[in-house]
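To keep things clear, I will list the structure first and then write my remarks on it.
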Amino acid sequence: MPASISGGGQITWDKCDHITEQRYLESHEIILRFGDVIITKDGTIGRVARIDDLPGDATINGTMMLVRPLRRLDFRYLYHILNGRDFQKLIDDKVSGSSIPHLFQRDMVELKVELPSRDHQSKIAEILDTLDTAIRGTEAVVAKLKAIKQGLLHDLLTRGIDANGDLRPLQSEAPHLYKQTPLGWLPKEWEACLLDNVAFRGSGHTPSKSIPSYWNGGIKWVSLSDSHRLDHVYIRETDKEISEAGLANSSAVRHPENTVILSRDAGIGKSAILASEMAVSQHFMAWRCGTKLNHVFLYYLLQREKPRFEAIAMGSTIKTIGLSFFKKYMIALPPKDEQDQIGKILLQAEDDIVIGEQEHQKLRATKSGLMDDLLTGRTSVTPLL
C-alpha cells in the first residue's frame, strides 16, 4: 500500500491505497523500512512523515520522496530538521516561485543541516517528540470538546432542561412532555413564535466612502471584513470605524451592547453578540432582545440554524438572504429561566474549547522556539532533559 501523510505529519495507514504485490516489487528502492523519512514533493509539497512502525508491506507513490538516513543521522532528528525553519523556507520559496510547485532531489542535496553527535541528535528528537505528543493530545481534547458542544447545541435547543436541571427525555421516549408546533415537536413549556415578536429587528448601512469625514471617527462598525471575528460568541473589535457625521448622513444606527447580529451575505449565517455599542453595515441583521429572550440563547439558536441559512441564500453572483425571510422567521422559545440555563451551559462549553485551543497554541509556540534553538545549537539540550 502507498503511504498517505496527514496534515499533522502522521501516516494514516487505514486511508492508504492498495496495490498488487507485483507492482510493489517493481520498485525496490522505494519500499519502506523502519527509520525512513518521506516527503511530499508534488501538490501540497513539504509534508514530512517518518516510519516509526510498519503495519505491513508499504511503498510510496510518485508524489512522494523517500529519504533514508545513513548511520550518522538519527531519522527522528532528520524528521524535525525537515519540519524546521530552513527546510520550510525552501518549501515556501518553491510554492511562491512556481506555478506548479515541485520538490526535486537536488533541493535536498543543497539543504545544509547541523550534525551533532548521534547521542545528541537522539536527545533533541526525544524533547521535540515529547512536545509533539502533547500537541496531538491537546488537538484530540479540543476535537472532543467541539463534538460535545455540537451535541449540546442539538439537545439543549430541541429538548431543553427540565425542572431538575436535567436534559428532557427524547420525544420518542416521553411523548407526553412534548407538543406538535409549526416547528415540529417542542417541549410543552416552549412556544413557537416569530422572532420579531420577542426582539426588535434592525440592520445598518455603509456611509459614503468618498467622504473621509464619515470614517475613522471612533464608532465601531461591523462589516464583511470582520467575518473572521464572527462565530466566537462576542465581537469586540472591528476592522473599520465610522464617525458621528457618517452616522448622521446614512441609514446606519448605533446598536446597543448584547445586540445579536447575523451576516446575510458573504459569510452567510455567521453570527455574534456585540460586546459594546456598535453600528453595522447593510449586510447584517441585528436583533435587540426583549424581556422574553436571552441574547446568548438567541446567538446559539442562530448558530444551530447556520446550515439552513446557507441553504436558503439566493443569488447568482453574491448569495444573500432577503429581508422578507426574517420578517417571517420563527424560533423555538423556552421560558426565560430555561433560556438562561441553556446559555450558561453552552458558554461554559465554549470556554472549555477556548482554554484547550490556547493550550494547543502555547505548546506549538514553545515547540517552534525550541526547534530553532535546539536545531541550530543555540540552546544546549542537557538542561532540558
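The first residue of the sequence shown is numbered 1, and numbering continues consecutively from there.
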**Message:** Quick check against the 3.5 Å criterion: does T40 have a side-chain atom that pairs as donor or acceptor with the backbone of D42?
**Reply:** no
**Asked** In terms of side-chain geometry, is the basic nitrogen of D265 or K319 positioned less than 4.0 Å from the acidic oxygen of its partner?
**Response** no
**Asked** Do other residues, nucleotides or ligands put more than 12 heavy atoms under 6.0 Å from Q22 CD?
**Response** no
**Asked** Are the side chain of T259 and the backbone of P256 linked by a donor-acceptor contact shorter than 3.5 Å?
**Response** yes
**Message:** Is it the case that the side chains of D352 and Q348 hold a donor-acceptor pair, with the cut-off being a distance below 3.5 Å and no angle test?
**Reply:** yes
**Request:** Verify the cluster assignment for V141 and L363: are they in a single hydrophobic cluster under the rule of side-chain heavy atoms below 4.5 Å apart?
**Result:** no
**Message:** Between E305 and R308, does the salt bridge (charged side-chain N to carboxylate O under 4.0 Å, His left out) criterion hold? Intermediate values first, please.
**Reply:** CA-CA 5 Å; E305 290 273 79; R308 180 186 175 194; 2.9 Å; yes
**Message:** Starting from L347, can I reach I273 by hopping between I/L/V/M/F/W/Y residues whose side chains sit under 4.5 Å apart?
**Reply:** yes
**Asked** Charged N to carboxylate O below 4.0 Å: is that the case for R168 and E173?
**Response** no
**Request:** Find out if a path of hydrophobic residues (ILVMFWY) with successive side-chain heavy-atom gaps under 4.5 Å connects I261 to V233.
**Result:** no
**Prompt:** Any sub-3.5 Å donor-acceptor pair from Q121's side-chain atoms to D74's backbone N or O?
**Reply:** yes
**Asked** Which heavy atom of R201 sits nearest a heavy atom of K327, and at what distance?
**Response** NH2-CG, 3.2 Å
**Message:** Using a 3.5 Å distance criterion without hydrogens, assess whether the side chain of R118 forms a donor-acceptor pair with backbone atoms of R71.
**Reply:** yes
**Side-chain ion pair, E126 and K123, N-O less than 4.0 Å** = no
**Prompt:** If you look at every heavy atom in A313 and I268, which pair is closest and at what distance?
**Reply:** CB-CD1, 3.2 Å
**Item:** R288/E257 salt bridge by N-O under 4.0 Å criterion
**Value:** no
**Message:** Quick check for you: to the nearest 0.5 Å, what is the distance between I331 atom CD1 and L195 atom CG?
**Reply:** 5.0 Å
**Request:** Give a yes or no on whether the ring-centroid distance for W190 and Y178 is below 6.0 angstrom.
**Result:** no
**N197 side chain to C193 backbone, donor-acceptor under 3.5 Å** = no
**Prompt:** When rounded to the nearest 0.5 angstrom, what distance separates CG in D239 from OG in S225?
**Reply:** 4.0 Å
**Spacing of L156 atom CG and I345 atom CD1 [to the nearest 0.5 Å]** = 5.0 Å
**Aromatic plane relationship, Y329 with F326 - under 30° parallel, 30 to 60° tilted, over 60° perpendicular** = perpendicular
**Request:** Report the C-alpha separation of E350 and Y300 in whole Å, then their side-chain angles, then the decisive distance to 0.1 Å, and conclude whether the side chain to side chain donor-acceptor pair (under 3.5 Å) test is met.
**Result:** CA-CA 11 Å; E350 199 89 46; Y300 282 111; 2.7 Å; yes
**Item:** Atom pair NZ/CD1 of K270 and I235 - distance to nearest 0.5 Å
**Value:** 10.5 Å
**Asked** Hey, does Q171 have a side-chain heavy atom less than 4.5 Å from the side chain of L177?
**Response** no
**Item:** Ring centre gap for H232 and Y234 strictly below 6.0 Å
**Value:** no
**Asked** Is there a donor-acceptor pair under 3.5 Å between the side chain of K188 and the backbone N or O of H176?
**Response** yes
**Request:** With the side chain counted from C-beta on, respond yes when W287 and L293 share a heavy-atom pair under 4.5 Å apart, and no when they do not.
**Result:** no
**Asked** Does the side chain of L323 reach to within under 4.5 Å of the side chain of M285, using non-hydrogen atoms?
**Response** yes
**Prompt:** Considering only heavy atoms from C-beta outward, does the side chain of R76 approach that of S122 to under 4.5 Å?
**Reply:** yes
**Prompt:** Charged N to carboxylate O below 4.0 Å: is that the case for R364 and E359?
**Reply:** no
**Prompt:** If we ignore angles and hydrogens, is there a donor and acceptor under 3.5 Å between the side chains of N61 and T63?
**Reply:** yes
**Message:** I'd like to check H28 versus L25 (side-chain heavy atoms, cut-off strictly below 4.5 Å). Are they in contact?
**Reply:** yes
**Closest non-hydrogen atom pair, R159 against P187** = O-CG, 3.4 Å
**Prompt:** Step by step, would you call R254 with E277 a salt bridge (charged side-chain N to carboxylate O under 4.0 Å, His left out)?
**Reply:** CA-CA 6 Å; R254 282 189 173 92; E277 186 180 74; 3.0 Å; yes
**Asked** Are F325 and V280 connected, step by step, through hydrophobic side chains (Ile, Leu, Val, Met, Phe, Trp, Tyr) whose heavy atoms are closer than 4.5 Å?
**Response** no
**Item:** N/O donor-acceptor pair under 3.5 Å between E191 side chain and P334 backbone
**Value:** no
**Prompt:** Are any non-hydrogen side-chain atoms of K220 and E237 less than 4.5 angstrom apart?
**Reply:** yes
**Request:** Answer yes or no: is there a side-chain heavy-atom contact under 4.5 Å between M64 and I39?
**Result:** no
**Message:** Aromatic contact between F75 and F34, with the criterion being ring centroids under 6.0 Å apart: yes or no?
**Reply:** yes
**Message:** For Q180, I'd like to know if atom CD has over 12 heavy atoms of other residues, nucleotides or ligands within 6.0 Å.
**Reply:** yes
**Item:** Closest non-hydrogen atom pair between L186 and T181, with its separation
**Value:** CD1-OG1, 3.5 Å
**Item:** D129/R50 salt bridge by N-O under 4.0 Å criterion
**Value:** yes
**Message:** Within this structure, what is the OG1-NZ distance for the pair T206 and K240, rounded to the nearest 0.5 Å?
**Reply:** 9.5 Å
**Request:** State whether the side chain of H255 and the backbone N or O of S203 hold a donor-acceptor pair below 3.5 Å, judged by distance alone.
**Result:** yes
**Item:** Other residues, nucleotides, ligands: >12 heavy atoms within 6.0 Å of K306 NZ
**Value:** yes
**Item:** Any side-chain heavy-atom pair of P69 and Y77 under 4.5 Å
**Value:** no
**Prompt:** CD/Q339 to CG/L301 distance, rounded to the nearest 0.5 angstrom?
**Reply:** 9.0 Å
**Prompt:** For S281, does its backbone N or O pair with a side-chain atom of S223 as donor and acceptor, under 3.5 Å?
**Reply:** no
**Prompt:** Counting distance only, does the side-chain N/O of W221 pair as donor-acceptor with the main-chain N or O of H205 below 3.5 Å?
**Reply:** yes
**Request:** Indicate yes or no: does K89 engage D92 in a salt bridge with an N to O separation below 4.0 Å.
**Result:** no
